[in-house]
Amino acid sequence: MGEVVNLNRVRKDRAKAGARAAAAANRAAHGRSKADRTRTETERERAARLLDGSKLEDRDG
């Protein structure tokens, strides 16, 4: 036979694991210095400009 499992404990453990994952994501998103956030935003804007500059324009025939 299988092992006896307390379903309440499993549910609570799963909820705690989800909360830990959310906390880790929040730390990654909000736990950065202003310089890091500025650098990331600058890199994102530069990549967008590079992508937009590389697009081919449609030509009317």
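With rounding to the nearest 0.5 angstrom, the OG1 atom of Thr38 is 11.0 Å from the CD atom of Glu43. Atom-to-atom distance recorded for Thr42:OG1 and Arg46:CZ is 11.0 Å, nearest 0.5 angstrom. Put simply, CD on Glu45 and OG1 on Thr40 are 11.0 Å apart, with the number rounded to the nearest 0.5 Å.
Checking each of Arg32, Arg39, Lys34 against Asp36 for a side-chain hydrogen bond (donor to acceptor under 3.5 Å, both in side chains) leaves exactly one that passes, namely Arg39.
No more than 12 heavy atoms of other residues, nucleotides or ligands sit less than 6.0 Å from atom CZ of Arg14.
Ion pairing between a basic and an acidic side chain is recognised when a charged N comes within 4.0 Å of a carboxylate O; Glu41 and Arg44 show such pairing.
For Arg9, the salt bridge (Lys or Arg N to Asp or Glu O under 4.0 Å) partners two or more places apart in sequence, or in a different chain, are Asp13.
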